[in-house]
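Okay, structure first, notes after.
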2 protein chains.
Amino acid sequence: MGRVTLQTVADRVGVSRMTVSNAFSRPDQLSARLRERILDVAAELGYCGPDPAARTLARRRAGAVGVLLTDSLSYAFTDEIATTFLGAVARELEVTGIAMTLLSSPRGSGLTPARDVVLDGAIVYSVDGDSPALAWLRRRDLPLVFVDQVAEPGIPSINIDDRIAARTAAQHLVDLGHRDVGIVTQGMNAPYETVYEPDTDSVHLVPRERMKGWLDALRPAGVRVRAVNEAVNGEVEGRRAAGLLLDQPDRPTALLALSDLMAAGALHAAEDRTIAVPGALSVAGFDDSPLASRLRPSLTTVAQPTHEKGRLAAQTLMTAIERAQEGSTPSRARHQVLDTELVVRDSTAQPLN
Amino acid sequence: MGRVTLQTVADRVGVSRMTVSNAFSRPDQLSARLRERILDVAAELGYCGPDPAARTLARRRAGAVGVLLTDSLSYAFTDEIATTFLGAVARELEVTGIAMTLLSSPRGSGLTPARDVVLDGAIVYSVDGDSPALAWLRRRDLPLVFVDQVAEPGIPSINIDDRIAARTAAQHLVDLGHRDVGIVTQGMNAPYETVYEPDTDSVHLVPRERMKGWLDALRPAGVRVRAVNEAVNGEVEGRRAAGLLLDQPDRPTALLALSDLMAAGALHAAEDRTIAVPGALSVAGFDDSPLASRLRPSLTTVAQPTHEKGRLAAQTLMTAIERAQEGSTPSRARHQVLDTELVVRDSTAQPLN
DNA sequence: GGCTGCTACTGTACCGGTAAAGCAAGGAAA
DNA sequence: TTTCCTTGCTTTACCGGTACAGTAGCAGCC
């Protein structure tokens with residue numbers, strides 16, 4: 001016995017296949033009486049509605065959008081900023097009944113969901129420009145939206161000005177009187193886990209721009225700057241990196257961290273060494289993740305509208321998809337830059353001298 | 001001009017459509033020379049590989065599995081336990097190159113990804129038995145795996161024994177000498193935000209079983225038990241609920257919370273009232289989320305192997321899918337119950353008197 | 001020289017739907 | 001009465017692939 005399809009049901013009821021299709025997908029196309037009879041027979045035969053795969057092929061619409069994150073998908077669930085972003089995307093998609101597919105991009109292996117999974121479009125969030133998965137998405141000619149990503153003509157993008165945002169954090173320290181600042185960061189083109197004189201060399205947009213912003217404020221003020229670069233943006237890494245800086249003879253009086261997560265690690269490192277924050281050490285983060293206000297002392301940081309980014313990304317993608325499906329030529333892609341704001345809390349103060 | 005398909009490429013190269021298909025999907029079926037030529041022409045024509053929708057239909061395989069969570073999808077990204085679980089699932093799927101689709105289940109609206117999205121199978125995580133989305137997944141006859149869900153014959157499941165686990169936490173308080181305990185929970189069939197004498201009535205598996213477990217230990221020991229029920233499992237809610245209990249005349253000497261998240265709220269509530277923990281109040285959570293050890297005081301809780309749950313769920317699903325696709329009759333579904341362990345930290349101690 | 005066994009391709013038959021045009025019958029408008 | 005709409009169902013023509021069973025050509029082998 002084969003599977004039950006539209007045809008099976010149609011034969012049994014004695015109508016055309018198309019009518020059965022309409023019974024499920026376009027109820028207004030047939031009489032209520034017939035529709036009911038068809039649905040009854042379908043239920044009786046164990047037919048559970050049009051096959052999604054066939055329907056997707058015929059309608060050229062999948063009912064799912066992709067989200068491509070970093071190379072490692074599981075990162076999506078460890079970083080609080082990523083989860084906030086995804087949550088916002090999810091919330092926005094939820095009401096449209098469209099599913100959200102997380103795309104991984106295992107470097108090296110030939111397995112690439114970005115190539116093989118049915119999608120109507122995708123959000124690309126902070127992915128390296130040379131990622132193979134991104135290359136596939138492009139080639140598939142899907143509507144895309146870039147977030148925290150180098151903007152490209154033709155592709156709508158949503159960003160903050162990381163450089164300016166970072167500068168306000170650094171300027172805040174300068175204004176407080178700090179003249180020796182340590183930077184705790186990640187993803188730079190520099191050796192890991194060692195104190196070095198920082199530059200702005202990185203393939204990753206976000207760390208690079210933030211570094212530029214910090215140096216924009218620190219260098220002209222004649223501040224001494226030392227940095228530690230880590231492979232991963234995590235609390236453990238932040239703790240280790242901050243530790244290296246704090247163990248220097250003549251240690252910095254303030255630390256700037258790439259993220260609130262790394263800043264949390266820095267607070268830990270200070271605690272490990274019984275260095276009082278903000279008395280003997282100021283610490284500033286970036287993101288204003290929920291973590292920032294939970295920490296003790298609460299964290300001075302730069303707030304970025306993560307939730308709004310997700311909302312906008314989803315919204316922008318939906319309209320791009322609609323337009324693409326109508327076949328109308330895409331209107332010029334908007335590049336949105338959202339505002340950030342320095343949030344001063346309890347982790348920064350004047351240096352002791 | 002129509003879109004570029006296999007046929008377009010085939011015509012151009014002068015081979016059959018099937019050969020082009022093989023060039024992409026089964027390289028061993030043709031000579032390397034021809035394959036290269038086909039790939040070149042394809043690139044030239046802007047053909048970017050087999051259409052996923054068509055391929056999915058023809059192979060009857062989607063390359064994506066679903067994860068159905070609570071009704072509100074965005075919850076998936078706010079609860080640290082949910083994200084840990086999803087992260088583990090993601091990590092496990094990642095290496096197989098299979099994508100993970102998050103299914104929402106908007107009650108009421110007719111929009112149901114669970115019905116319309118192509119999937120090879122799905123993980124159902126702590127979803128009410130009467131969820132419409134779950135009903136659709138069932139009808140579609142997809143391989144399923146249940147997690148934190150009432151086990152059913154024929155469907156592999158992964159659970160912990162919430163009842164016994166909760167009992168160990170409550171017993172711990174009893175053993176310390178507490179004789180007046182407050183319960184901070186969620187999802188019970190009881191009025192919200194009011195102090196009441198608890199019972200075990202709930203449609204939700206997890207809160208119900210944990211409540212049973214707590215009462216198993218508390219009632220026989222003659223402990224006075226009061227509870228507050230909230231609509232949502234969140235920190236804010238935990239704080240409010242704990243506040244209600246702590247504001248009672250003759251307040252409890254210890255609190256049991258449904259989750260570490262609610263327990264965190266309870267710690268906050270104590271702090272608000274300058275009640276010392278664990279000196280004047282003991283607090284115990286559940287889950288052993290990363291949060292538990294971050295909190296001050298660090299939280300006594302019941303550790304459950306959340307990561308392992310995710311890993312196993314993904315693994316179990318993958319084998320179920322394989323078996324289903326081979327057409328072999330599914331072997332009897334395993335119901336796995338994982339171990340839990342009481343983790344005593346700094347938030348519990350003997351009561352004062 | 002016939003048989004066997006590759007290798008490398010082709011042909012046929014689906015996979016399970018949907019869009020859009022077609023058409024018959026009945027009722028309203030002219 | 002004719003014309004024109006509706007309503008309600010059917011017909012036709014795809015959507016873009018893959019599985020599987022050929023088949024042709026050639027080499028090896030006794």
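Here is how names work: the chains are called A, B, and so on, in the same order as the sequence lines, proteins then strands, and each is numbered from 1.
Nucleotide D:dG17 holds its C1' atom 12 Å from the CZ atom of B:F24, rounded to whole Å. Rounded to whole Å, atom P of C:dA8 lies 13 Å from atom CD1 of B:I38. For A:R61 and C:dG17, the CZ to P distance is 16 Å, given to the nearest whole Å. Atom pair A:R55:CZ and D:dG17:C1' shows a separation of 20 Å (rounding to whole Å applied). Between A:Q325 atom CD and C:dA19 atom P the separation is 12 Å, expressed in whole Å. Atom CD of A:Q29 is separated from atom C1' of D:dT10 by 12 Å (rounded to the nearest Å). The CZ atom of A:R26 sits 14 Å away from the P atom of D:dT7 (whole-angstrom rounding). One can place CD of B:Q7 at 12 Å from C1' of C:dT10, the figure rounded to the nearest angstrom.
Contacts of B:S25 with the nucleic acid, taken as non-hydrogen atoms under 4.0 Å apart, involve only primed sugar atoms and P, OP1 or OP2. Within the 4.0 angstrom heavy-atom criterion, only backbone atoms of the sugar-phosphate kind lie near A:L30; the bases stay farther away. Backbone-only contact: A:Y47 has heavy atoms under 4.0 Å from sugar-phosphate atoms and none from a base.
Side-chain atoms of A:S31 lie closest to D:dG8 of the nucleotides D:dG16, D:dG8, C:dA19.
The number of heavy-atom neighbours closer than 6.0 Å to CD of A:E36, taken from other residues, nucleotides and ligands shown, is 12 or below.
In this structure, B:R59 does not reach the D:dG17 phosphate: none of its side-chain N or O atoms is under 4.0 Å from OP1 or OP2. One finds a side-chain N or O of A:R60 lying less than 4.0 angstrom from the OP1 or OP2 phosphate oxygen of D:dG16.
With no hydrogens or angles considered, no side-chain donor-acceptor pair links A:H335 and A:N159 at under 3.5 Å. Side-chain contact check for A:S25 and A:R55: at least one donor-acceptor pair (N or O, by modelled atom type) lies under 3.5 Å.
B:L119 approaches B:G66 most closely through the heavy-atom pair CD2-N, 3.5 Å. Summarising the geometry of A:P156 relative to A:L144, their closest heavy-atom pair is CD-O, 3.4 Å, with the distance given to 0.1 Å. Here the closest heavy-atom approach between residue B:L86 and residue B:A76 is recorded as CD1-CB, 3.8 Å.
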Pair B:N22, B:R35 - check side chain to side chain contact (heavy atoms under 4.5 Å, CB included), show working.
CA-CA 9 Å; B:N22 283 333; B:R35 171 155 194 262; over 6 Å; no
Verdict with reasoning, B:I158 to B:R334, per side chain to side chain contact (heavy atoms under 4.5 Å, CB included)
CA-CA 8 Å; B:I158 294 161; B:R334 262 186 81 192; over 6 Å; no
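The rotation axes computed at either terminus of the helix from C:dG1-D:dC30 to C:dA30-D:dT1 lie 40° apart, taking five pairs at each end and rounding to 10 degrees.
Taking every heavy atom of residues 8-19 of chain B and every atom of DNA chain C, pairs under 4.0 Å involve B:V15, B:S16, B:R17, B:M18, B:T19, by number.
The side-chain heavy atoms of A:R61 and A:D120, taken from C-beta on, include a pair separated by under 4.5 Å.
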